[in-house]
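Okay, structure first, notes after.
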Amino acid sequence: MKNFVEELRWRGMIHDVMPGTEDLLLKEVVTAYVGIDPTADSLHIGHLVGIMMLRHLQSCGHRPVVLVGGATGMIGDPSGKSQERNLLDEPTLRHNQESIKKQIAKFLDFETKAENQALMVNNYDWMREFSFLGFIRDVGKHITVNYMMAKDSVKKRISGDTGEGMSFTEFTYQLVQGYDYLHLYKEYNCKLQMGGSDQWGNITTGTEMIRRIAGGEAYALTCPLITKADGGKFGKTEKGNIWLDPERTSPYQFYQFWINVSDADASRYIRIFTLRSKSEIEQLEAEHALAPHTRILQKALANDLTINVHSEADLQSAIEASEILFGKGTTETLRKLDEKTLLSVFDGVPQFEIEKESLNNDLNASDFLAGITAIFPSKGEARRTMKEGGVMFNREKITEETLITQSMLLNDRYILVQRGKKNYYLVIVK
RNA sequence: GGGGAGAUACCAGAGCGGUCAAAUGGGGCAGACUGUAAAUCUGUUGGCGAUGCCUUCGGAGGUUCGAAUCCUCCUCUCCCCA
């Protein structure tokens, strides 16, 4: 059996691991789980870390379980600074769960008939019928308040100078999550829970419950929170989260996100988010160091993830689009594109539709950019950016004086507007 | 319940009768350098038919030729004492 802990270790995916975990995983096929909140019907790339832990787990021969936190998601984990959660109704919950499962199925094998087939469960299914009295008698009885208060997440909130305090509901959160672990332990012989480093306290409440209530031994493993070298939040752009759902984040944007990762982050990310071997990654790093401008690491990262989350075909069109937009493309190359290619290339790019008549009479650039399209929020800003040389039409710089005419149209219908280096918009004339 | 401090642009934070569309920093946007990286440097950051005009300094009134600045009331925030 492949050494799972060792695998995560060289990938930099271990923050904390309970003693004995490694031995257990070498000795037998272990069932392990990661929890995910079903707050939306799509995952975003922040979720990918947990999924990749399970992916590696399964490829090491163990059995991954995805726990959808239908119940816990309603309460809200005090470790985060999250506000009160909204209670999801059951149809939404089920819908989200199904959508998420489809996405995860690209990483985990739910179909194999082998003993390590992946499994998805929802804690709503066993928490729903649990009565309050039943819970405090059967579960709460075994854990002391003293123990619960010792958790960092609780201490911070109670003693904090910020003095926010915490509600009883949030205080109870660790018991509910801990009970999940106990339930999975009894039901599936699940002996390992994994998660982000902020989950350590909650996970150990679970192992404690298993020890006291079931007299069993269970383990914990956490990975460091993913950071960016510049201190920003991982997985967020100005435009928001990077989602796995192509409707929310187009494959092109998804691909671009990974291509834009800084060198400092690329080495870490490629270990975490791809399945490439240690020697292969070290080889890539060596090549990258010799010719950093080719961005071999970023490309490998973007390739693997785009294929994994979307498809080979999506990757190809993302690459094609990127080459046209960021390569040596000129107005000439743009004009040579046939309509079909052009549309597929710009599929993931924001689009605006305008009337053909508006191009007839001396339309000036600022009216075009901030009037009939909403590429800029105001004419002032459009003018300013043009003055700074930051606006291009069909890859040629324009100025405030430029008039927009039909002769600019590509294929008689399109204008490619570029704002700054990276923002593209396709204007379609009807 | 008593006393005090405050609310300014995306955020933090100056300004305390005209020279204020409002210092400074952060953030954002753009440019240069590069590799669609990082760092750095530069410009810019209310709107518009633009040597001018309009809307902004918690809200509503008032004083004044003139208010972010002074007065009154209201709303909210923070601190101290009980």
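Chain A is the first sequence line, chain B the second, and so forth, proteins listed ahead of strands; every chain is numbered from 1.
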Just to confirm, is there a sub-4.0 Å distance from OP1 or OP2 of [N] to any side-chain nitrogen or oxygen of [X]?
X	N	answer
A:K421	B:A37	no
A:R383	B:G49	yes
A:N423	B:C29	no
A:T385	B:C29	no
A:K387	B:G31	no

Nucleotide nearest [X] (side chain, heavy atoms from C-beta), chosen from [options]:
X	options	result
A:I259	B:U44, B:U36, B:G35	B:U36
A:K397	B:A32, B:C48, B:U45	B:A32
A:H293	B:U36, B:G35, B:G47	B:G35
A:S378	B:C48, B:G35, B:A37	B:C48
A:S322	B:U36, B:A38, B:U34	B:U36
A:D263	B:A30, B:C48, B:A37	B:A37
A:Q256	B:G35, B:U44, B:U36	B:U36
A:R419	B:G35, B:A30, B:U44	B:A30

Which whole-number value in Å describes the distance from [X] [atom1] to [N] [atom2]?
X	N	atom1	atom2	answer
A:R295	B:G35	CZ	P	10 Å
A:L297	B:A38	CG	C1'	14 Å
A:E388	B:U44	CD	P	8 Å
A:F376	B:A30	CZ	P	8 Å
A:E400	B:A50	CD	C1'	11 Å
A:N260	B:U36	CG	P	10 Å
A:N364	B:C48	CG	C1'	13 Å
A:L369	B:A30	CG	C1'	14 Å

In whole Å, what separates the [atom1] atom of [N] from that of [M]?
N	M	atom1	value
B:A12	B:C73	C1'	30 Å
B:U19	B:A67	P	11 Å
B:U51	B:U34	C1'	40 Å
B:U77	B:U44	C1'	34 Å
B:C71	B:U56	C1'	22 Å
B:G59	B:G13	C1'	23 Å
B:U45	B:C20	P	16 Å
B:G46	B:C29	C1'	15 Å

If pairing requires Watson-Crick or G-U wobble contacts with both distances under 3.5 Å, which nucleotide is the partner of [N]?
N	result
B:U34	none
B:A7	B:U75
B:A39	none
B:A50	none
B:C70	B:G62

Point to revise | RNA chain B: 5'-proximal contact among A:G420 and A:G380 (nearest heavy atom) | key: A:G420

Review point. Toward the 5' end of RNA chain B, which comes first, A:D367 or A:T294, by nearest nucleotide?
Key: A:T294

Check your understanding: Are the ring centres of A:Y424 and A:F326 closer than 6.0 Å?
Key -> yes

Practice item. Compute the ring centroids of A:Y33 and A:Y181, then answer whether they are less than 6.0 Å apart. Key: yes

**Study point:** Distance-only polar pair, side chains of A:Q316 and A:E320, donor-acceptor under 3.5 Å
**Key:** no

Point to revise | B:U36 base / A:K299 side chain donor-acceptor hit below 3.5 Å | key: no

Review point. Taking atom types as they are modelled, is there a donor-acceptor pair under 3.5 Å from the base of B:U36 to the side chain of A:Q298?
Key: no

Practice item. Anything under 30° is parallel, anything over 60° is perpendicular, the rest tilted; go ahead and classify A:H44 against A:H47. Key: tilted

Point to revise | CG-NZ distance between A:L342 and A:K340, expressed to the nearest 0.5 angstrom | key: 12.5 Å

Check your understanding: Within 45° of the axis and under 6.0 Å from the centre of the six-membered ring of A:Y425, does NZ or CZ of A:R419 qualify?
Key -> no

**Study point:** Heavy-atom side-chain proximity of A:T39 to A:N96 below 4.5 angstrom
**Key:** no

Practice item. Check whether more than 12 heavy atoms from other residues, nucleotides or ligands sit under 6.0 Å from atom CD of A:E111, and answer yes or no. Key: no

